[in-house]
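In listed order, ligands and their atoms are each counted from 1. Predicted model only: the values in this text are computed from it and were never measured. The figures that follow rest on heavy atoms only: side chains count, while hydrogens, waters and symmetry mates do not.
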Amino acid sequence: MKFVIVGTNHAGIAAANTLLDNYGEGNEVVMIDRNTNLSYLGCGTALWVGRQIDSYKGLFYTKPEDFEAKGARISLETSVDRVDFDKKVVYATSKDGKAIEESYDKLILAEGSAPIAPNLPGKDLEGIHFLKLFQEGMAVDQELAKNEVKTVAVVGAGYIGVEIAEAAARRGKKVLLFDAADTCLASYYDEEFSSLMDKNLKEHGIETHYGEFAQEYLGENGRVCGLKTDKGQYDADAIINCIGFRPNSVLGGDHLERFANGAYLVSRGFQTSDPDVFAIGDCATNYSNALQATTYIALASNAVRSGIVGAHNAAGTAIEGAGVQGSNGIDIFDLKLVSTGLSVKAAEKFGVNVKYVDYEDTQLPGFMPAEKNATVKIRIVYEKGTNRIVGTQLASHYDMHELIHMFSLAIQEGITMDKLQLLDIFFLPHYNQPYNYVTMAALTADKN
Ligand SMILES: Cc1cc2nc3c(=O)[nH]c(=O)nc-3n(C[C@H](O)[C@H](O)[C@H](O)COP(=O)(O)OP(=O)(O)OC[C@H]3O[C@@H](n4cnc5c(N)ncnc54)[C@H](O)[C@@H]3O)c2cc1C
Ligand SMILES: NC(=O)c1ccc[n+]([C@@H]2O[C@H](COP(=O)([O-])OP(=O)(O)OC[C@H]3O[C@@H](n4cnc5c(N)ncnc54)[C@H](O)[C@@H]3O)[C@@H](O)[C@H]2O)c1
């Protein structure tokens, strides 16, 4: 069989490796991508722009030769222009303008996502940035290296916006952080948690502007010099837009069924409405175990797993994805927030009837050295009636992030609060308390 993979970043790479490692014998794998590089871990952009790591070099984890060594054909700087789904042919253009045709038996679309670009007056001014590709990270890094860039405006206080705001502050810039919502990280945390991050950002000199909508980029001699919102006008020497991604699901045209936001609608095996076409990563939907419904969550973690599952199914091994919880984490100026599943706000938005329990305690017993100890705040969200756990949020300066994986599994497996309250959690003063905050939250939760 001949497999053609369009898009060779995290999802496409996972699919290619799955095919080459398990079905390489007697099969052909063709990989196409329009970028000049592959496997760039965008999550590292803020780390190297903020000089928390000294180079971006380690942020690429593979290279074209690795796939050629396994027998694949890979073409970078090659853009797929269209797909003829009846003839099962992919049409592309190489970097030197050569027309390329690739027939396929099975097509895997890994077209990813693209930053949402506010179509505002002044959008073509110099000094306005997005943050998706490695090249865009480089451009922001060069911007922050300029002494004349003293004030940076970041539009969007989601994950990328908060991370790049920290990076710019670490580079000594004055940072204005804007968001339409009334807090940062509004899509992932309830107010009681996002407010901790807001306080942390302010304590590190970041000026937050919430409930403000960007209206115009202000410029002078072709270069951005400010931002106008519905609430005011602000000087800024550079602007970084981080207002979310939309699925990049162009090639499916009107042949493939879509989700509400345009992502390719796929089965639990990542098969599209065309049995010979699979879609994985940011261009496709996923299954939410918390919602028990189809959803869209653009994360590298989901991209990789969907690439593995989609490739097995494309090769004829019928397996279902485990579904996702949208587990995610962020670590800003040493404050750690992790979440999985639904916040109370998200549950209400999706019409899931929930209760929640909050608990706060130090990670370690009080007799342990204070510098090793810190308060942890936990919120467990569970469905009214069934007491099925549907979400958890944690915040602390203590590194408790691994705990969220347990809650991710609990949501995936439909674990209820009564199962959690007497769970065997070990006690060792180096790591936790005999009555730790998970047990205490579950014991004190109202389960009626
Ligand atoms: C700054 C930043 C930080 C992030 N941090 C995290 C994090 O900490 N944790 C996390 O889980 N996720 C994080 N993400 C999200 C994560 O990067 C994405 O979810 C992931 O990249 C999705 O992988 P993908 O392969 O589906 O899509 P993409 O990475 O978007 O790759 C799609 C590929 O398809 C190619 N392509 C598209 N159309 C065509 C075409 N017509 N012809 C040829 N090639 C095409 C593109 O060139 C691209 O290489 C971050 C993203 C950014 C931008
Ligand atoms: N640590 C991580 O897991 C991590 C890190 C970075 C990125 N990512 C993922 O990458 C993707 C993109 O991240 P992102 O930060 O761009 O998106 P996001 O959805 O996390 O945040 C976008 C933010 O922009 C705000 N916004 C939207 N329109 C606006 C407007 N017109 N004016 C002002 N604010 C506006 C939203 O309220 C939201 O807070 C997400 O799927 C995210 O989960 C994950």
Exercise for the section: For ligand 2, note which part of L299 has a heavy atom under 4.0 Å away: side chain, backbone, both or neither. Expected result: side chain
Exercise for the section: Would you indicate which of I13, N35, D33 comes nearest to atom 48 (C) of ligand 1 when only heavy atoms are counted? Expected result: D33
Practice task
Around atom 6 (C) of ligand 1, find the nearest protein heavy atom and jot down its residue, atom name and distance.
Solution key: C43 CB, 3.5 Å
Practice task
Would you check whether T45 has a nitrogen or oxygen atom less than 3.5 angstrom from a nitrogen or oxygen atom of ligand 1?
Solution key: no
Problem - N or O pair under 3.5 Å between C283 and ligand 1 - result: no
Practice task
Under 4.0 Å from a heavy atom of C242: give me the atoms of ligand 2 that qualify, with their elements.
Solution key: 16 (O), 22 (C), 23 (C), 24 (O)
Fill in the blank from the handout: Near E163 (heavy-atom distance under 4.0 Å), the atoms of ligand 2 are 1 (N), 5 (C), 6 (C)
Exercise for the section: Could you tell me whether E220 and R223 have a side-chain N and a carboxylate O separated by less than 4.0 Å? Expected result: no
Practice task
Give yes if a backbone or side-chain nitrogen or oxygen of V80 is under 3.5 Å from a nitrogen or oxygen of ligand 1, and no if not.
Solution key: yes
Exercise for the section: From atom 53 (C) of ligand 1, work out which of V90, T8, L131, I164 has a heavy atom at the shortest distance. Expected result: L131
Handout entry: Residue pair T285 / V266: nearest heavy atoms and the distance that separates them
Key = OG1-N, 3.2 Å
Handout entry: A279, A11, A298, S249: member with heavy atom nearest to atom 24 (P) of ligand 1
Key = A11
Practice task
Verify whether one side chain among Y264 and D274 offers a donor that lies under 3.5 Å from an acceptor in the other.
Solution key: no
Practice task
Find all atoms of ligand 1 within a distance of less than 4.0 Å from any non-hydrogen atom belonging to T78, and give their numbers and elements.
Solution key: 43 (C)
Completion exercise
In terms of its nearest heavy atom to atom 40 (C) of ligand 2, the top option of F130, Y188, F178 is Y188
Exercise for the section: Go through ligand 1 atom by atom and flag the ones less than 4.0 Å from a non-hydrogen atom of A110. Expected result: 32 (C), 33 (C), 34 (O)
Problem - Carboxylate-amine/guanidinium contact K2 D105, below 4.0 Å - result: no
Exercise for the section: Looking only at distances, please establish whether an N/O atom of ligand 2 is found under 3.5 Å from an N/O atom of G244. Expected result: yes
Handout entry: Note: K336-D331 ion pair, threshold 4.0 Å (strictly below)
Key = yes
Practice task
Establish, yes or no, whether the cationic atom of K377 lies under 6.0 Å from the six-membered ring centre of Y359 and within 45° of the ring axis.
Solution key: no
Handout entry: Residue selection (non-hydrogen contact nearest atom 25 (C) of ligand 2) among D179, I243, D182
Key = D179
Handout entry: Among R379, K349, K345, salt bridge (Lys or Arg N to Asp or Glu O under 4.0 Å) partner for D190
Key = R379
Problem - Side-chain ion pair, D237 and K146, N-O less than 4.0 Å - result: no
Exercise for the section: Let me see the working for Q325 and S408 under side chain to side chain donor-acceptor pair (under 3.5 Å), right down to the final yes or no. Expected result: CA-CA 6 Å; Q325 287 66 249; S408 179; 2.8 Å; yes
Handout entry: Part of A298 with heavy atoms under 4.0 Å of ligand 2, whether side chain, backbone, both or neither
Key = both
Fill in the blank from the handout: Nearest non-hydrogen contact to atom 39 (C) of ligand 1 from the set R34, H10, E77, E136 belongs to R34
Handout entry: Region of L299 that comes within reach of ligand 1 [heavy atoms, distance under 4.0 Å]
Key = both
Problem - Close side-chain approach of L176 to H209, heavy-atom, < 4.5 Å - result: yes
Handout entry: Protein heavy atom at shortest distance from atom 1 (C) of ligand 1
Key = G42 O, 3.4 Å
Practice task
For atom 14 (N) of ligand 1, state whether the nearest protein heavy atom is under 4.0 Å away.
Solution key: no
Exercise for the section: Indicate yes or no: does an N/O atom of A300 lie under 3.5 Å from an N/O atom of ligand 1? Expected result: yes
Practice task
For atom 7 (C) of ligand 2, grab the closest protein heavy atom and report residue, atom and distance to one decimal in Å.
Solution key: I160 CG1, 3.4 Å
Problem - Salt bridge flag under 4.0 Å for residues K228 and D230 - result: no
Practice task
Taking only Lys NZ, Arg NE, NH1 and NH2, and the carboxylate oxygens of Asp or Glu, determine whether R246 and D282 approach each other closer than 4.0 Å.
Solution key: no
Fill in the blank from the handout: Near F245 (heavy-atom distance under 4.0 Å), the atoms of ligand 1 are 53 (C)
Practice task
Could you tell me whether E207 and K202 have a side-chain N and a carboxylate O separated by less than 4.0 Å?
Solution key: no
Fill in the blank from the handout: The option among A180, G329, A181, C184 carrying the non-hydrogen atom nearest to atom 34 (N) of ligand 2 is A180
Fill in the blank from the handout: Only one of W48, F134, Y61 passes ring pair (Phe, Tyr, Trp, His ring centres under 6.0 Å) with Y40, and that residue is F134
